[in-house]
Amino acid sequence: MPTLAEVLARATREGELYGVLPDGRLECYACGHRCPLPDGAVGVCKVRVNEGGRLRVPWGYVGGVQCDPIEKKPFFHAYPGARAYSFGMLGCDLHCGYCQNWVTSQTLRDPAAVAPPIRTTPADLVRDALRLEARVMVSTYNEPLITSEWAVAIFKEAKAAGLITGYVSNGNGTPEVLEYLRPWVDLFKVDLKSFDDRRYRELGGRLAPILDTIRRLHAMGFWVEIVTLLVPGFNDSRDEITRLTSFIAGVSPDIPWHVTAFHGDYKMLGPDNTTADMLLSAADIGRTNGLRHVYAGNLPGQVGGLEDTRCASCGELLVARYGYHIRDYRLTAEGRCPSCAAAVPGRWGAGFEGQIASRPFRTRIQNSGLLKNSGLLKSEFRILK
Ligand code: SF4
């Protein structure tokens, strides 16, 4: 009986995001770790490996797939109400103690994290997305940067079918991976988890590559939204939120910033849950520092107007929300304020096409028995990492 690691090792092909160092090791540049890999070595993410001088990377499966409202990603300035067909693979380059997707992200690192891979193809995923009337396809649930070759294969088919594409990422990128993604990815959400390098090192990363990625994403023309999960005692000091929001405003005051409420998850069960007042205080700092579109998330109905989009020029209500639900939509067909005609930053459709579902739901891929047919049922491999 194979181990999960052995099963995943078979679901690979040669990657494109690597080079050869002068000493013969491979350098992977799919993420900011830039792992130097001697023959046989596996990267920090546990899913990319140097096999005989070639980098093998994940291919041909998903670890999870679901149809979400685009507001769940969250994108608030991109096609409100659209269905986002969301898929992920397995593994991550970080190991955040509060990860809400730890079952898929920490596979091969944490013996308790077991998500059976579901074999599929880009064509199958795109066909399923179209059948469900999704407008957007998003790579999420694990860290998409580390599985970028597979995401691009899917997005090439998605774009040919007229779909919008997006990444939900921790932002630990490199210039090379961003150039690789630029033709195929439209929307990019970055988790800016802290503005303290020591905190990032606790999570397994560094602050500098994330800040560099945010600057580059904006300069390269991706549509960027940023999320900060506000964790009491971890990243919520007034000083840290001031520096964090000043940085975003310095890149562009038009970048939407979502400050969202923490609740205990995975290994971080100690801190209290974030209250609405804490979110409102952080949001206030963000606005004071010049951010024009600040949202408070994860506490629907408890944060005043901070779920809504307003015109930054005249204050007119543009999109009213409750959680993921769009209650009103008032932008013009050109993406302008109906009151003062100011252009609203974002990616807008010609009109609001309604919201078919404001809740996530499972897809045909998950329900179709592909998992059973794949030979990768959970009971069919040993959980050894
Ligand atoms: S994706 Fe990141 S963690 Fe994984 S091998 Fe490449 S550089 Fe290392």
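In what follows, residues are counted from 1 in the order of the sequence shown. In this text, all values refer to a predicted model and were calculated from it rather than measured experimentally. Indexing begins at 1, ligand by ligand and atom by atom, following the structure's order.
- Few gaps surround CZ on Arg182; more than 12 heavy atoms of other groups in view lie less than 6.0 Å from it.
- No donor-acceptor pair closer than 3.5 Å links the side chain of Asn50 to the backbone N or O of Leu55.
- Atoms of ligand 1 lying under 4.0 Å from at least one heavy atom of Ala30, given by number and element, are 1 (S).
- In this structure, Asp186 and Trp223 have side chains that are not in contact, with every pair of non-hydrogen atoms separated by 4.5 Å or more.
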- Does the pair His293 and Phe76 meet the rule for a ring pair (Phe, Tyr, Trp, His ring centres under 6.0 Å), with working shown? CA-CA 10 Å; His293 298 284; Phe76 275 19; over 10 Å; no

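- Ranking the protein heavy atoms by distance from atom 8 (Fe) of ligand 1 puts Cys35 SG, 2.3 Å first.
- For atom 6 (Fe) of ligand 1, the nearest protein heavy atom (residue, atom name, distance) is Cys28 SG, 2.3 Å.
- Within the 2.8 Å limit, Cys45 places at least one N, O or S atom next to atom 4 (Fe) of ligand 1.
- Counting atoms of ligand 1 from 1 in the listed order, those under 4.0 Å from a heavy atom of Arg48 are 1 (S), 4 (Fe), 5 (S), 6 (Fe).
- Closest heavy-atom contact between Gly173 and Pro209: O-CB, 4.2 Å.
- The shortest contact between atom 2 (Fe) of ligand 1 and any protein heavy atom is with Cys31 SG, 2.3 Å.
- Checking His33 against atom 8 (Fe) of ligand 1, every N/O/S atom stays at or beyond the 2.8 Å cut-off.
- Under the 3.5 Å distance criterion, with hydrogens and angles disregarded, no donor-acceptor pair is assigned to the side chains of His77 and Glu225.
- Gly43 CA, 3.5 Å is the protein heavy atom nearest to atom 5 (S) of ligand 1.
- Atoms of ligand 1 lying under 4.0 Å from any heavy atom of Arg34, numbered from 1 in the order shown and given with element: 7 (S).
- When side chains are defined from C-beta on, Lys156 does not count as touching Pro122, because their heavy atoms never get closer than 4.5 Å.
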